[in-house]
Amino acid sequence: MTPADLITSIRAAVSRAIDAGAFTAEVPDEIVLDRPKNPEHGDYATNVALRLAKPSGKPPRLVAEAIAAELRQDPGIASVDIAGPGFLNIRVDASSLGGVARTVVQEGSSYGRTDTLAGSKINVEFISANPTGPLHLGHTRWAAVGDALARVLSAAGADVSREFYINDRGVQMDAFGASLRAAALGAAIPDNGYHGDYIPALAAQIVAEHPEILELDAEKQVDAFREEGYRLQLAEQRRTLEDFGTEFDTWYSERYLHTSGAVERALDQLKAQGHLYADADALWLRTTDFGDDKDRVLLKSDGDLTYFASDAAYYLDKRNRGFDLCVYLLGADHHGYVNRLKAIAACAGDDPEANIEVLIGQLVKILRAGQEVRLSKRAGEIVTLTDFVEAAGVDAVRYSLSRYPSDSPLTLDLDLITRQSSDNPVFYVQYAHARTCSVIRNAGEVGIVLDTFVPELLTHETETALLTALGDFPRIVAQAAELREPHRVARYLEELAGTLHRWYEACRIIPRGDEEITDLNRTRLWLNVATRTVLSNGLHLLGVSAPERM
RNA sequence: GCCUCCGUAGCUCAGCGGAUAGAGCAGCCGCCUUCUAAGCGGUUGGUCGCAGGUUCGAUCCCUGCCGGAGGCGCCA
């Protein structure tokens, strides 16, 4: 009996109690099933009686009694107790609970997938860096969390597309070209230019590959440096992200928005919706109609389109490509964009609550030897994704960033997350996985096979705990998707790893010495395999490897 | 001034209205002849920023205040 099965049983019990006239109320749409913190309270608990007390006008405990009486009729339910103001504490009988292990093993790598978001087509846009330099710490957070979010949304049944918006248009590109040219010629980098260490190296590479660039006149030279630098930096970003395990379905160029006519189409569409107006020779979008604090310029009086015009066109282009929901993952410095992006959706006639969602990633700081590693150009300590991965490894970086909600500021201790010990949650979870794999190998050597499964033998308290934890996984994944909080998967895995370790200490899977193989050994092997499956599926959702040996 | 996020153990942080508020680290004490000790058990540590409100019940929701981070351009 999985938690979903139990909810079905509870709903049926509520329905029968109502039909029997015990109280009058509607059967609730949603029934909340909890895992009590204190295992003595039962395997599961529900507050459904407390919820129904008010609408039915009956005391909570009376409602609870009526539901409990019905629920006890259900085969598979061992006991139902009423506690406190009217909680139902439920114990599932061992053979029924043990069935979770079989379900997990049978479903294998698809265990945890649900259809809670089935039918929705979601565009997840993240990182979207300028192609003018290396990816830094802020990008790294989204490279990990955005990718994990996309995986979690997919697991919940959504049709997900990952997208990287290339900011390849605008004055920062010219500043980039001018900086490269200056570096190549040994001149001073312009004040508004790029001062990173990578600039001279990149300039030298461009000159080496295209010596003829030095023959061009100044203006053409800036253009040429800009375009070559763009090409190389974009390739570098793609390679870096690929090595990090984050791949995109679409790399979308801002320039393409303009060359493809998407911007004109967007202006036409917004005009048709009646939210455009002209003032002081500029063209404005009346975003204040929809919660923005000021209207925004689309076309400047000098005839240039603003970045905001690209934003509007880009959003509409995504919608025209068939996405029901556009998710934007932005850095904390962009949080002022939330209202205006939502206003774009509203101005276009969309529902800003349903079609667009903006998540803000707060700042990440890194401590090394107790000191903050600063983003300082002068000190040469620019923290790039590559630096971070070199220092800690892909798994540790991805996991460390994925186990926190992205909307809270984060401080990571480099010394801690690079330590290969239990201090480090990623190793704790990976070790649990490796341990289950080791048991599977040893079981194979002694000849234990999964031919017999006797769930009622799984009666130890650590086995009950492990089974209920395994049963939670699909709900955790669905919740992580719904709330856009992949960190819930990481926290769950840490709990599960601890539950596995405690079981492993308490219960032997493989017989000692020359003891005979019993059904208990075989059945425990099922539980071990089920746990391995969930640890592996969960780590996969975070883009972290699940090693078989450590 | 306005907007967003944050304030929970010495530190880093979980906890989308439920029971005695949790984890890891740091500190202290134990457990390896047999399935991975990268593990397990025990122990120390809290006015959940403050004050009201809503509720059977608030760390969680609402209001105000205090403190911290960030954002408020015909820049990109």
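The sequence lines fix the lettering, A, B, ..., with proteins before strands; numbering per chain opens at 1.
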Under 4.0 Å, heavy atoms only, any strand: does E495(A) hit a base, just the sugar-phosphate, or nothing?
nothing
When you compare the side chains of Q479(A) and Y492(A), does any donor N or O come within less than 3.5 Å of an acceptor on the partner?
no
Taking every non-hydrogen atom, the tightest pair across F225(A) and G177(A)
CB-O, 3.7 Å
In B/S/- notation, 5' to 3', how is nucleotides 1-12 of chain B contacted by protein heavy atoms closer than 4.0 Å?
--BBS------S
Could you tell me if T531(A) and N528(A) have a donor-acceptor pair between their side chains, going purely by distance under 3.5 Å?
no
Roughly how many Å is it from CD1 in I31(A) to P in G17(B), rounded to a whole number?
17 Å
Please report the distance, rounded to the nearest Å, between OH in Y492(A) and C1' in G22(B).
18 Å
Roughly, in whole Å, what's the span from NE2 in H433(A) to P in C35(B)?
20 Å
When you compare A26(B) with C60(B), how far apart are their C1' atoms, in angstrom units rounded to a whole number?
29 Å
May I ask you to check whether H487(A) and S406(A) show a side-chain donor-acceptor distance below 3.5 Å?
no
Could you work out which one of A19(B), C75(B), A38(B) sits closest to the side chain of A45(A)?
A19(B)
Taking the side chain of A434(A) as heavy atoms from C-beta outward, which of C74(B), C16(B), U36(B) is closest to it?
U36(B)
Using the aromatic ring of H334(A) (for Trp, its six-membered ring), decide whether it stacks on the base of G71(B) within the limits of 5.5 Å and 30°.
no
Tell me the interatomic distance from Q479(A), atom CD, to C16(B), atom P, rounded to whole angstroms.
7 Å
Checking all strands, does A332(A) fall into the base, sugar-phosphate, or nothing category for heavy-atom contacts under 4.0 angstrom?
sugar-phosphate
Under 5.5 Å between ring centres and under 30° between planes: does that hold for F87(A) against the base of A19(B)?
yes
So, is N442(A) near the phosphate of U36(B), with a side-chain N or O under 4.0 Å from OP1 or OP2?
yes
Does R435(A) get its side chain close enough to the base of U36(B), under 3.5 Å, for a donor-acceptor pair?
no
Using the P atom as the reference point in each nucleotide, state the distance between U44(B) and A23(B) in Å, no decimals.
12 Å
Over how many whole Å does the gap from I476(A) atom CD1 to C16(B) atom C1' extend?
12 Å
Quiz question: going by heavy-atom distance under 3.5 Å, is there a donor-acceptor pair between the base of A19(B) and the side chain of N89(A)?
yes
Can you find an N or O donor on one side and an acceptor on the other, under 3.5 Å apart, linking the side chain of N47(A) with the base of G18(B)?
yes
Starting at atom CZ of R549(A), determine the distance to atom C1' of C35(B), rounded to an integer number of angstrom.
14 Å
Nearest-Å distance once atom C1' is located in both A19(B) and G57(B):
10 Å
Under 4.0 Å between any heavy atoms, over every strand shown, what does N167(A) touch: base, sugar-phosphate, or nothing? Just pick one.
nothing
When rounded to the nearest Å, what value does the distance between C1' atoms of C16(B) and A51(B) take?
25 Å
Verify, without hydrogens or angle tests, whether R61(A) (side chain) and G84(A) (backbone) share a donor-acceptor contact under 3.5 angstrom.
yes
N/O (side chain, H487(A)) to phosphate O (OP1/OP2, G15(B)) under 4.0 Å:
yes
Please tell me if K54(A) has a side-chain N or O lying less than 4.0 Å from either OP1 or OP2 of C56(B).
yes
Kindly assign one of parallel, tilted or perpendicular to the pair F290(A) and H275(A), based on the angle between their ring planes and the thresholds 30° and 60°.
perpendicular
Taking R522(A) for the side chain and D451(A) for the main chain, is one N or O donor matched with an acceptor at less than 3.5 Å?
no
Would you classify C60(B) as syn or anti? Syn applies when the glycosidic angle is within 90° of 0.
anti
Heavy atoms under 4.0 Å, any strand shown: does R512(A) hit a base, just sugar-phosphate, or nothing?
base
Within less than 4.0 Å of OP1 or OP2 of G15(B), is there a side-chain N or O belonging to R488(A)?
yes
Is A53(A) touching bases, backbone alone, or none of the nucleic acid, heavy atoms closer than 4.0 Å?
nothing
Interatomic distance, C347(A) atom SG to R286(A) atom CZ [nearest 0.5 angstrom]:
9.5 Å
How about D279(A): does its CG atom have over 12 heavy atoms from other parts shown lying under 6.0 Å from it?
yes
Write down the distance separating the C1' atoms in C56(B) and G64(B), rounded off to the nearest Å.
27 Å
Is R491(A) close enough to C13(B) that one of its side-chain N or O atoms is under 4.0 Å from OP1 or OP2 there?
no
Side chains of Y277(A) and D295(A), heavy atoms from C-beta outward: is any pair under 4.5 Å?
yes
Would you call the rings of F164(A) and W251(A) parallel, tilted or perpendicular if under 30° counts as parallel and over 60° as perpendicular?
parallel
Measuring from the side chain of Y431(A) (C-beta onward, heavy atoms only), which nucleotide among U36(B), C74(B), C40(B) has the closest atom?
U36(B)
Comparing W503(A) and L88(A) on RNA chain B - which has the more 5′ nearest nucleotide
L88(A)
Shortest side-chain distance from R51(A), nucleotide among C35(B), G17(B), G71(B):
G17(B)
Hey, does the side chain of S545(A) reach the backbone of P547(A) with a donor-acceptor pair shorter than 3.5 angstrom?
no
Report the distance from atom CD1 of I440(A) to atom CD of E445(A), rounding to the nearest 0.5 Å.
12.5 Å
I want to confirm an ordering. Mapping E494(A) and E485(A) to their closest nucleotides on RNA chain B, which one lands closer to the 5' end?
E485(A)
Tell me whether the OP1 or OP2 atom of C40(B) has a side-chain N or O from Y428(A) closer than 4.0 Å.
yes
How would you label the contact of E445(A) with the nucleic acid (heavy atoms, under 4.0 Å): base, sugar-phosphate, or nothing?
nothing
For Q430(A) and U36(B), give me the distance from atom CD to atom P, rounded to whole Å.
18 Å
Judged by modelled atom types alone, do N167(A) and Q172(A) share a side-chain donor-acceptor pair under 3.5 Å?
no
Give P405(A) one of three labels, base, sugar-phosphate or nothing, depending on what nucleic acid heavy atoms sit under 4.0 Å from its own.
sugar-phosphate
Rounding to the closest angstrom, what is the interatomic distance between G73(B) and G17(B) at atom P?
36 Å
Looking at L71(A), D43(A), D81(A), which hits side-chain contact (heavy atoms from CB on, under 4.5 Å) with I90(A)?
L71(A)
For R296(A), report the nucleic acid contact type (base, sugar-phosphate, nothing); a contact means any heavy atom under 4.0 Å.
nothing
In whole Å, what separates the P atom of G46(B) from that of G10(B)?
7 Å
Which part of the nucleic acid, if any, lies within contact of A443(A), taking any heavy atom under 4.0 Å across all strands shown: a base, the sugar-phosphate backbone alone, or nothing?
nothing
In dot-bracket, 5' to 3', how would RNA chain B read with Watson-Crick or G-U wobble pairs under 3.5 Å, [ ] for crossing ones and | for pairs to another strand?
(((((((..((((....[...)))).(((((.......))))).....(((((..]....))))))))))))....
Rounded to whole angstrom units, what separation is found between the CH2 atom of W284(A) and the P atom of G73(B)?
11 Å
Proximity to RNA chain B (any heavy atom under 4.0 Å), residues of residues 297-305 of chain A only
V297(A), K300(A), S301(A)
With side chains defined as the heavy atoms from C-beta onward, is the minimum distance between I360(A) and L330(A) less than 4.5 Å?
yes
